[in-house]
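Okay, so here's the structure we're looking at.
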There are 2 protein chains.
Amino acid sequence: MKRNTWQREAVREALETSEGFVSAQALHSGLHATGSPIGLATVYRALADLASEGEADSLQQDGESIYRACTPNTHHHHLICRNCGLTVEIEADEVETWAQKVAAQNGFTQANHIVDVFGLCTSCSPG
Amino acid sequence: MKRNTWQREAVREALETSEGFVSAQALHSGLHATGSPIGLATVYRALADLASEGEADSLQQDGESIYRACTPNTHHHHLICRNCGLTVEIEADEVETWAQKVAAQNGFTQANHIVDVFGLCTSCSPG
DNA sequence: TCGGTTTTGACAATCATTATCATTAAGGGC
DNA sequence: GCCCTTAATGATAATGATTGTCAAAACCGA
Ligand SMILES: [Zn+2]
Ligand SMILES: [Zn+2]
Ligand SMILES: [Zn+2]
Ligand SMILES: [Zn+2]
């Protein structure tokens, strides 16, 4: 049975109070800065668990995994600011059906997909 | 000025004769197996160059970068078999316009996107 | 409270990738 | 073709994120 520890809760809270995506290292640093003695390995484990339970989304950036608390529990994608990390959750049936169609047309089964849109948010756009 | 070396050419050829996406390590192993004395660092450099010149596509998988020779020189995406690596190149205006639309609607500029579809190809599908 | 089991965390180990830097070899000018 | 400048190579060390180890601590049901 899975146990409730303050460490898991601390990671969950830290994730929820983060604006955009954060790395395990960054989240660990942030917790330490507030005086939490949580270990780095524990942060990695907690984030992996949250992601596998569908409570967090993750994506790869610059060779590291970054995570974000996931409010809706449904399948969705993200629009992410390359500069400040601001993230908007996107649900798009168009893309879902397109992905399924493309897979089926080519004889592929058990399809899934990775779809992320990056850009500069209003605050970070030049001009 | 960029120089032509047999090493670059060897990497380019190895990439072109590979079926799906390959990692730098795998490509280096393959070259060694054929007797080539090319160095690992050189393979990394050549792949990075090819990717930046638009002659190869790359994506992240399991924390490593994998590459593939890119026949058309236009923007496109991939449908990849999770089991054997077979890759189909996909061009889809639907997704391109969708990505632009989503970014614009949210005030994002300079948008780009990552779109990959994974599945099991006909040969690798069960049943 | 007690005890079996899970979780933690300090640390070592792993693994892909990058930096270093002395040596090699393009390729332009002669 | 021969030199010479300089980019490219490659053996190796360094980096950095992530995972494995395992004794000690924490959960939680009985
Ligand atoms: Zn921004
Ligand atoms: Zn989707
Ligand atoms: Zn396949
Ligand atoms: Zn596209």
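All chains are named by letter (A, B, ...) in the order of the sequence lines, taking the proteins before the strands, and each is independently numbered beginning at 1.
In this structure, the CG atom of B/Asp62 is 15 Å from the C1' atom of C/dT14, given to the nearest Å. Across the protein-nucleic acid pair, A/Glu64 atom CD and D/dT15 atom C1' stand 14 Å apart, rounded to whole Å. Rounded to whole Å, atom P of D/dT18 lies 7 Å from atom OH of A/Tyr67.
Only one option out of B/Leu86, B/Thr122, B/Ile90 pairs with A/Asn106 in a side-chain contact (heavy atoms from CB on, under 4.5 Å); it is B/Ile90.
Taking only side-chain nitrogens and oxygens, A/Gln7 never comes nearer than 4.0 Å to OP1 or OP2 of D/dA26. Using a 4.0 Å cut-off, no side-chain N or O of B/Gln60 falls inside it from OP1 or OP2 of C/dA16. For C/dT8, one of the phosphate oxygens OP1 or OP2 lies less than 4.0 angstrom from a side-chain nitrogen or oxygen of A/Thr5. A sub-4.0 Å separation between OP1 or OP2 of D/dC27 and a side-chain N or O of A/Asn4 is absent.
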- Task: Using the side chain to side chain contact (heavy atoms under 4.5 Å, CB included) rule, take A/Ser23 and A/Ser65 through it: C-alpha gap first, then chi angles, then the decisive distance, then the call.
- Result: CA-CA 6 Å; A/Ser23 69; A/Ser65 292; over 6 Å; no
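Residue A/Arg45 places no side-chain atom within donor-acceptor reach of the base of D/dG20, judged by atom type and a 3.5 Å distance cut-off alone. Contact of B/Arg3 with D/dA7 (side chain to base): a donor-acceptor pair of N or O atoms is detected under 3.5 Å.
Checking B/His113 against B/His75 by side-chain atom types alone, a donor-acceptor pair falls below 3.5 Å. One side chain, A/His76 or A/Asp57, offers a donor N or O that lies under 3.5 Å from an acceptor on the other.
A/Ser65 comes within contact range of the sugar-phosphate backbone alone, with a heavy-atom separation under 4.0 Å but no base atom that close.
Among the nucleotides D/dT18, C/dT17, D/dG10, the one closest to any side-chain atom of B/Ile38 is D/dG10. Of the candidates D/dC27, D/dT9, D/dT18, the closest approach to any side-chain atom of B/Thr42 belongs to D/dT9.
Each end of the helix from C/dT1-D/dA30 to C/dC30-D/dG1 gets its own axis from five base pairs, and the two axes differ in direction by 40°, given to 10 degrees.
B/His78 has its ring centre less than 6.0 Å from the ring centre of B/Phe21.
Contact check on A/Glu94 versus B/Lys101 returns a salt bridge, with a Lys/Arg side-chain nitrogen under 4.0 Å from an Asp/Glu carboxylate oxygen.
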Below 3.5 Å, can you tabulate the donor-acceptor pairs from side chains in residues 48-56 of chain A to any protein atom, sequence neighbours excluded?
| residue | atom | partner | partner atom | Å |
| --- | --- | --- | --- | --- |
| A/Asp49 | OD2 | A/Arg8 | NH1 | 2.2 |
| A/Asp49 | OD2 | A/Arg8 | NH2 | 3.3 |
| A/Ser52 | OG | A/Asp49 | O | 3.0 |
| A/Glu53 | OE1 | A/Lys2 | NZ | 3.4 |
| A/Glu53 | OE2 | A/Lys2 | NZ | 2.5 |
| A/Glu55 | OE1 | A/Arg12 | NH1 | 2.5 |
| A/Glu55 | OE2 | A/Arg12 | NH1 | 3.3 |

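Taking for each of B/Met1 and B/Gly39 the nucleotide of DNA chain D with the nearest heavy atom, the 5'-most of the two is the partner of B/Met1.
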